[in-house]
Amino acid sequence: MAESIVEMRQKRIVLGITGGIAAYKAADLVRLLIKDGIEVQVVMTEAACGFITPVTMQALSGKPVFTDMWDARIADNMAHIELSRGADAIVVVPATTDFLAKLANGLADDLLSTLCVARECPLLVAPAMNRQMWENKATQRNVAQLARDGVVLLGPASGDQACGEVGMGRMLEAQQIFEAVTAFLQPKFLTGTHVLITAGPTFEAIDPVRGITNRSSGKMGYAIARAALDAGAKVTLVTGPVSLEAPAAARVERVESAGDMFEAVKKHAKAADIFIGVAAVADYRVAKTSKQKIKKTGADLDLKLVPNPDILAWVAALPKPPFCVGFAAESQKLHEFADAKRRRKKVPLMVANLAQDAIGADDNEVTLLDDIGTHTLPRASKPEIARQLVAHIAKRYKSRKNKSR
Ligand code: C5P
């Protein structure tokens with residue numbers, strides 16, 4: 001049995017809601033956070049309760065909502081201190097002009113603002129306001145002060161506003177805030193490292209309209225890229241054709257064929273500390289791609305296929321290879337075939353998954369195979385699997401690096 005995966009304790013956040021029309025987006029955000037296994041304590045200002053009810057937020061968070069400094073549910077009436085103790089962050093969504101001004105000046109005249117002043121955890125705020133309120137010099141001064149004070153600003157974005165105007169001040173969408181918050185909460189296992197990842201399928205053209213490809217959505221590779229970024233790494237993502245949005249912070253190289261992917265990997269491999277080959281690279285390509293569309297004649301068609309280069313094996317055979325991780329999708333004898341692949345390609349870590357379970361799905365179950373043994377990550381969403389995997393890779397990478405010193 002391999003030594004256990006890095007323990008990830010449950011995260012806890014205090015979600016503050018202030019009185020703006022974007023408050024409705026906080027409901028969606030709570031759903032996303034809870035689904036991700038994060039404990040959420042909602043605290044609302046009086047004005048927020050005019051836009052969305054505490055009952056809604058209680059139902060979504062599964063916890064009573066606090067709105068009042070003098071709430072008798074906390075025995076010693078210390079809600080303004082108690083609620084944020086042990087929290088990983090306070091996240092204010094939306095943060096109105098008025099609330100930002102209060103924060104910038106350290107005012108504490110209601111439960112949420114007092115909690116923010118009395119906190120010992122990071123504070124993240126998602127501003128939401130009319131564009132002129134955002135552009136107002138006092139608001140800009142307050143925002144600059146908050147940034148200097150170490151408060152993390154999530155947005156705002158530019159776009160349609162509830163007032164009918166268009167401009168800066170629109171709150172980020174719940175999904176964007178969710179991604180920023182979960183990224184912020186991740187331990188920075190990979191700070192200072194460069195991670196090179198291949199993802200998606202490759203497409204080997206037969207003629208201008210036809211080709212050979214593999215069934216890969218790219219979801220696992222993209223989730224790993226995001227998790228590596230969240231863990232503090234610099235990420236280069238070499239991706240075959242997929243219909244996913246790449247993480248904005250990654251350096252992205254879009255390729256089509258295995259040959260293109262190989263060239264892109266060659267360019268970056270020597271500077272990489274870790275290489276994760278998640279791509280489903282086509283094993284063969286046609287010996288000669290036809291420039292013109294091959295006409296249908298009704299007769300048999302012979303295509304000569306030649307093998308593609310094995311990108312992962314090439315990287316692993318470099319004189320000073322990065323820490324290499326491979327993926328094996330098998331339809332049977334999962335561990336046996338994956339381990340054989342690991343030995344053949346000479347990679348320290350192979351991640352095995354069942355092809356019929358993994359391809360295109362939103363969740364996955366994987367087994368990690370290395371010299372020490374095997375370890376299964378139970379079925380979870382691909383982003384969750386990616387986070388656990390990145391934590392494990394970071395641990396293995398560091399112990400290898402220490403040994404080679
Ligand atoms: O295709 P195969 O099952 O051998 O793939 C296992 C691992 O090798 C995967 O990590 C995949 O990205 C990598 N691979 C590669 N180049 C190939 C074939 C596979 O890098 N030509």
Side-chain angles (χ1 to χ4, degrees), residues 195-205 211-225 227-228 235-242 253-270 272 274-287 305-318 321-360 364 366-370 374 377 382 385-386 389-390 392-393 396-397:
V195 181
L196 175 62
I197 300 170
T198 64
T202 65
F203 182 87
E204 316 297 322
I212 302 170
T213 189
N214 276 329
R215 289 178 57 204
S216 165
S217 63
K219 285 178 191 167
M220 195 68 239
Y222 276 52
I224 291 171
V235 171
T236 301
L237 176 64
V238 179
T239 171
V242 295
E253 295 241 8
R254 291 176 210 283
V255 297
E256 192 171 89
S257 67
D260 299 341
M261 186 172 273
F262 191 28
E263 290 310 312
V265 167
K266 275 184 189 164
K267 213 164 65 187
H268 298 291
K270 286 175 195 129
I274 297 171
F275 173 67
I276 313 176
V278 197
V281 184
D283 293 322
Y284 293 93
R285 66 183 186 279
V286 287
L305 300 182
V306 293
N308 271 328
D310 193 311
I311 302 168
L312 176 61
W314 182 88
V315 177
L318 283 170
F323 182 80
C324 285
V325 182
F327 265 70
E330 304 293 344
S331 58
Q332 55 164 336
K333 296 188 184 165
L334 182 61
H335 294 185
E336 184 187 326
F337 286 173
D339 205 45
K341 224 169 246 184
R342 184 177 77 83
R343 288 166 199 279
R344 193 170 64 246
K345 300 191 189 219
K346 298 195 172 61
V347 293
L349 179 64
M350 191 59 102
V351 184
N353 50 191
L354 274 175
Q356 54 271 43
D357 273 9
I359 290 172
N364 204 1
V366 301
T367 300
L368 316 184
L369 300 106
D370 59 18
T374 65
L377 300 182
K382 285 184 175 172
I385 293 282
L389 191 57
V390 161
H392 187 75
I393 291 170
R396 284 279 180 275
Y397 162 70

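Nothing here was measured: the structure is a model prediction, and the numbers come from that model. In listed order, ligands and their atoms are each counted from 1.
- Not a single heavy atom of E330 sits closer than 4.0 Å to an atom of ligand 1.
- We find the CD-CD distance between Q356 and E330 to be 10.0 Å, quoted to the nearest 0.5 Å.
- The contact set between ligand 1 and D283, taken as ligand atoms under 4.0 Å from a residue heavy atom, comprises 1 (O).
- A distance of 4.5 Å separates CD of Q332 from CZ of F337, quoted to the nearest 0.5 Å.
- Residue, atom and distance of the protein heavy atom nearest to atom 13 (C) of ligand 1 are L312 CB, 3.8 Å.
- Taking CD1 of I197 as the start and OH of Y222 as the end, the distance is 11.0 Å to the nearest 0.5 Å.
- Atom 6 (C) of ligand 1 has F327 O, 2.9 Å as its closest protein atom, hydrogens excluded (heavy atom only).
- Counting only heavy atoms of the protein, atom 14 (N) of ligand 1 lies nearest to K345 NZ, 3.8 Å.
- Of all atoms in ligand 1, listed by their number and element, those nearer than 4.0 Å to a heavy atom of K341 are 2 (P), 3 (O), 4 (O), 6 (C).
- Atom 18 (C) of ligand 1 has its closest protein heavy atom at V281 CB, 3.7 Å.
- Summarising the geometry, atom CG belonging to L368 is positioned 6.0 Å from atom CG belonging to L389; distances are rounded to the nearest 0.5 Å.
- Here I385 contributes atom CD1 and N364 contributes atom CG; the two are 6.0 Å apart, rounded to the nearest 0.5 Å.
- At least one heavy atom of A279 sits closer than 4.0 Å to an atom of ligand 1.
- Surrounding NZ of K266 are more than 12 heavy atoms belonging to other residues, nucleotides or ligands, all under 6.0 Å away.
- Taking CG from L305 and CD1 from I212, the interatomic distance works out to 5.0 Å, rounded to the nearest 0.5 Å.
- Ranking the protein heavy atoms by distance from atom 16 (N) of ligand 1 puts I311 N, 3.0 Å first.
- Among G326, A328, P309, C324, the residue whose heavy atom lies closest to atom 21 (N) of ligand 1 is P309.
- G277 O, 2.4 Å is the protein heavy atom nearest to atom 10 (O) of ligand 1.
- Screening K341, R344, K345 for a salt bridge (charged side-chain N to carboxylate O under 4.0 Å, His left out) with D310, the sole residue that qualifies is K345.
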